[in-house]
Colleague: 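Please read through the structure below; I'll follow up with questions.
In this text, all values refer to a predicted model and were calculated from it rather than measured experimentally. When a ligand or atom number is given, it counts from 1 through the structure's own listing order.
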Amino acid sequence: MKRIAVLTSGGDAPGMNAAIRAVVEQALHHGIEVYGVYYGFKGLVEGNMRMLGVNDVSKNIKLGGTFLYSARYPEFKEEAIQKIAIKQMERQQIDGLIVIGGDGSFQGALSLTKLGFPAIGIPGTIDNDIPATEYTIGFDSAVSVALDAIDKISDTASSHNRTFVVEVMGRHAGDIAIWAGVASGADAILIPESDYNLEDIVESVEKGRRSGKDYSLIILAEGVESVEDFVEDYKKLAPHQEVRGIALSHIQRGGSPTARDRVFATLMGARAVDMLLDGKEGIYLGIRNEQLATFDIVQALQSKEHTVRADLIQLNKTLTQR
Ligand code: ADP
Ligand code: F6P
């Protein structure tokens with residue numbers, strides 16, 4: 001293998017640039033060249049790529065977003081389109097591809113491998129919703145941004161004795177809500193993986209107030225319902241509380257990656273290059289017990305093994321239900 005390519009796909013996540021940087025530096029260390037593909041699979045099909053050098057990546061380890069840009073490109077599900085992407089890579093004498101993205105992007109990587117083109121995945125999504133791995137690049141940064149915002153909101157909540165409902169990201173996964181909720185001592189954490197009872201939530205908030213808390217926080221994952229709808233229903237059951245709702249939205253996807261995101265992104269980027277050089281394909285990297293691990297894309301995506309930290313939710317309930 002003399003030349004490989006790297007792309008970012010799906011929603012951007014802080015730490016993607018750190019992963020690209022590690023791919024480039026590790027490839028150069030092994031004496032092979034790296035092409036950066038712009039705009040994910042769309043750019044791959046259009047041949048929108050160029051060779052990357054140390055200068056392109058050395059300062060990027062601290063930058064949020066992805067300097068290779070990202071795109072959603074549903075056309076990539078078609079085999080004829082995938083074959084064009086392979087032709088484009090063959091034209092540039094590229095022998096292997098590293099895909100940084102979520103489970104949708106991994107399906108794209110897998111489809112290339114099935115057509116005989118080696119591809120490896122690196123999990124990059126703030127939602128932390130990829131099966132098997134305990135961690136995805138961007139999750140730690142997103143939680144840290146959410147927590148910082150929640151801490152600020154709690155100053156006002158406390159000063160005015162209000163209840164704030166904070167909507168955090170997570171379309172299908174409650175991980176950001178759980179971590180930001182436990183870290184902020186929230187009165188309730190609502191996630192898409194479990195049902196909730198509104199009366200119980202109101203009761204638990206009121207108990208907290210009776211026991212001396214001067215404000216209340218409810219953390220709502222976006223996949224449950226919109227904060228506007230939730231607040232409307234909540235107010236009907238809690239007319240005596242002063243309630244405000246806020247959606248943190250895309251600020252959670254931006255900003256400089258945390259040290260943890262940078263370090264794991266670096267480990268994964270470098271290992272992905274080694275994997276391609278070892279002739280591996282159809283796999284993705286991840287973290288188990290703080291160590292790098294590899295997973296089979298087909299098996300992991302079929303098993304949908306990702307589970308949320310129910311122990312943390314339980315602990316939060318115990319600590320907040322007086
Ligand atoms: P994420 O990677 O964050 O899950 P998406 O689900 O939007 O984000 O997927 C990103 C891109 O991956 C899609 O726009 C498409 O180009 C590609 N992709 C998604 N699903 C498939 C699939 N089944 N086969 C081939 N490519 C896919
Ligand atoms: O998958 C990451 C994520 O940020 C989700 O939490 C959110 O629902 C989605 O992407 C929003 O994507 P977009 O900004 O592309 O609409």
Colleague: Among protein heavy atoms, which lies nearest atom 24 (N) of ligand 1, and at what distance?
Modeller: Lys77 CG, 3.6 Å
Colleague: Could you check whether the rings of Trp179 and Phe139 sit parallel, tilted or perpendicular, using 30° and 60° as the cut-offs?
Modeller: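 Trp179 vs Phe139 ring planes: perpendicular.
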Colleague: Can you name the atoms of ligand 1, numbered from 1 with element, that are less than 4.0 Å from a heavy atom of Tyr73?
Modeller: 13 (C), 14 (O), 15 (C), 16 (O)
Colleague: Give the atom numbers and elements of ligand 2 that come within less than 4.0 Å of a heavy atom of His250.
Modeller: 13 (P), 14 (O)
Colleague: Have a look at Ile176, Thr136, Asp129, Asp127 and point out the one with the heavy atom closest to atom 6 (O) of ligand 2.
Modeller: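 Result: the heavy atom closest to atom 6 (O) of ligand 2 is in Asp127.
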Colleague: Considering only protein heavy atoms, which is closest to atom 7 (C) of ligand 2, and at what distance to one decimal place?
Modeller: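 Ranked first by proximity to atom 7 (C) of ligand 2 is Glu222 OE2, 3.0 Å.
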Colleague: Of all the atoms in ligand 1, which lie at a distance below 4.0 Å from a heavy atom belonging to Gly10?
Modeller: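 Atoms satisfying the 4.0 Å criterion: 3 (O), 8 (O), 10 (C).
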Colleague: Quick test: of every protein heavy atom, which one is nearest to atom 11 (C) of ligand 2, and how far off is it to 0.1 Å?
Modeller: Arg253 NH1, 3.5 Å
Colleague: Are the side chain of Gln241 and the backbone N or O of Arg162 linked by a donor-acceptor pair below 3.5 Å?
Modeller: no
Colleague: Which ligand 1 atoms are under 4.0 Å away from a heavy-atom of Gly104?
Modeller: 1 (P), 2 (O), 4 (O), 6 (O), 9 (O), 12 (O), 17 (C), 18 (N), 19 (C), 20 (N), 21 (C), 27 (C)
Colleague: Going by the atom numbers of ligand 1, which of them fall below 4.0 Å from some non-hydrogen atom of Gly102?
Modeller: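 Matching atoms, with element in brackets: 1 (P), 2 (O), 3 (O), 4 (O).
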Colleague: Is there a polar contact, in the sense of an N or O pair closer than 3.5 Å, between Gly170 and ligand 2?
Modeller: yes
Colleague: For the pair Asp155 and Tyr215, evaluate side-chain hydrogen bond (donor to acceptor under 3.5 Å, both in side chains) and give the outcome as yes or no after the intermediate values.
Modeller: CA-CA 9 Å; Asp155 288 344; Tyr215 70 95; over 6 Å; no
Colleague: Show, in sequence, the C-alpha distance, side-chain angles and deciding distance for Asp56 and Arg50, and conclude whether the salt bridge (charged side-chain N to carboxylate O under 4.0 Å, His left out) test is met.
Modeller: CA-CA 11 Å; Asp56 295 304; Arg50 74 169 176 88; 2.9 Å; yes
Colleague: Against ligand 1, does Asp103 come closer than 4.0 Å with any heavy atom?
Modeller: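 The answer is yes, since Asp103 has a heavy atom less than 4.0 Å from ligand 1.
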Colleague: Which heavy atom of the protein is the closest neighbour of atom 7 (O) of ligand 1, given with residue, atom name and distance?
Modeller: Arg72 NE, 2.8 Å
Colleague: So do Glu225 and Asp233 actually touch side chain to side chain, heavy atoms under 4.5 Å?
Modeller: yes
Colleague: May I ask you to identify the nearest protein heavy atom to atom 2 (O) of ligand 1, giving residue, atom name and distance to one decimal place in Å?
Modeller: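 It is Ser105 OG, 2.5 Å.
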Colleague: Kindly identify the option in Lys114, Gln107, Arg171, Glu79 whose heavy atom sits closest to atom 22 (C) of ligand 1.
Modeller: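 Checking each option, the heavy atom nearest atom 22 (C) of ligand 1 is found in Gln107.
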Colleague: Cation-pi check, Arg72 to Tyr39: give yes when NZ or CZ is under 6.0 Å from the six-membered ring centre and within 45° of the ring axis, no otherwise.
Modeller: no
Colleague: Give the atom numbers and elements of ligand 1 that come within less than 4.0 Å of a heavy atom of Ser9.
Modeller: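 Taking each heavy atom of Ser9 in turn, ligand 1 has 10 (C), 11 (C), 12 (O) under 4.0 Å.
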Colleague: With sequence neighbours left out, write down each residue that passes side chain to side chain donor-acceptor pair (under 3.5 Å) with Arg262, or none if nothing qualifies.
Modeller: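 Ser256.
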Colleague: May I ask you to decide if the ring planes of Phe76 and Phe41 are parallel, tilted or perpendicular, using 30° and 60° as cut-offs?
Modeller: parallel
Colleague: Which atoms from ligand 1 have a heavy atom of Phe41 less than 4.0 Å away?
Modeller: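 Ligand 1 atoms under the 4.0 Å threshold to Phe41: 12 (O), 16 (O), 17 (C).
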Colleague: Answer yes or no: is there a donor N or O on one side and an acceptor on the other, between the side chain of Thr8 and the main chain of Tyr69, under 3.5 Å?
Modeller: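 Checked: pair present.
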Colleague: Any sub-3.5 Å donor-acceptor pair from Asn17's side-chain atoms to Phe67's backbone N or O?
Modeller: yes
Colleague: Any side-chain heavy-atom pair from Phe230 and Leu190 closer than 4.5 angstrom?
Modeller: yes
Colleague: Look at atom 26 (N) of ligand 1 and say which protein heavy atom is nearest, naming residue and atom and giving the distance to 0.1 Å.
Modeller: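 Residue, atom and distance for the closest contact: Gly108 CA, 3.3 Å.
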Colleague: Please state which part of Arg72 comes within less than 4.0 Å of ligand 2, counting heavy atoms only: side chain, backbone, both or neither.
Modeller: side chain
Colleague: Going by the order shown, which atoms of ligand 2 are within less than 4.0 Å of some heavy atom of Met169?
Modeller: 4 (O), 6 (O)
Colleague: Side chain to side chain contact (heavy atoms under 4.5 Å, CB included) with Ala310: which residues, sequence neighbours excluded?
Modeller: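 Side chain to side chain contact (heavy atoms under 4.5 Å, CB included) check on Ala310 returns nothing, list empty.
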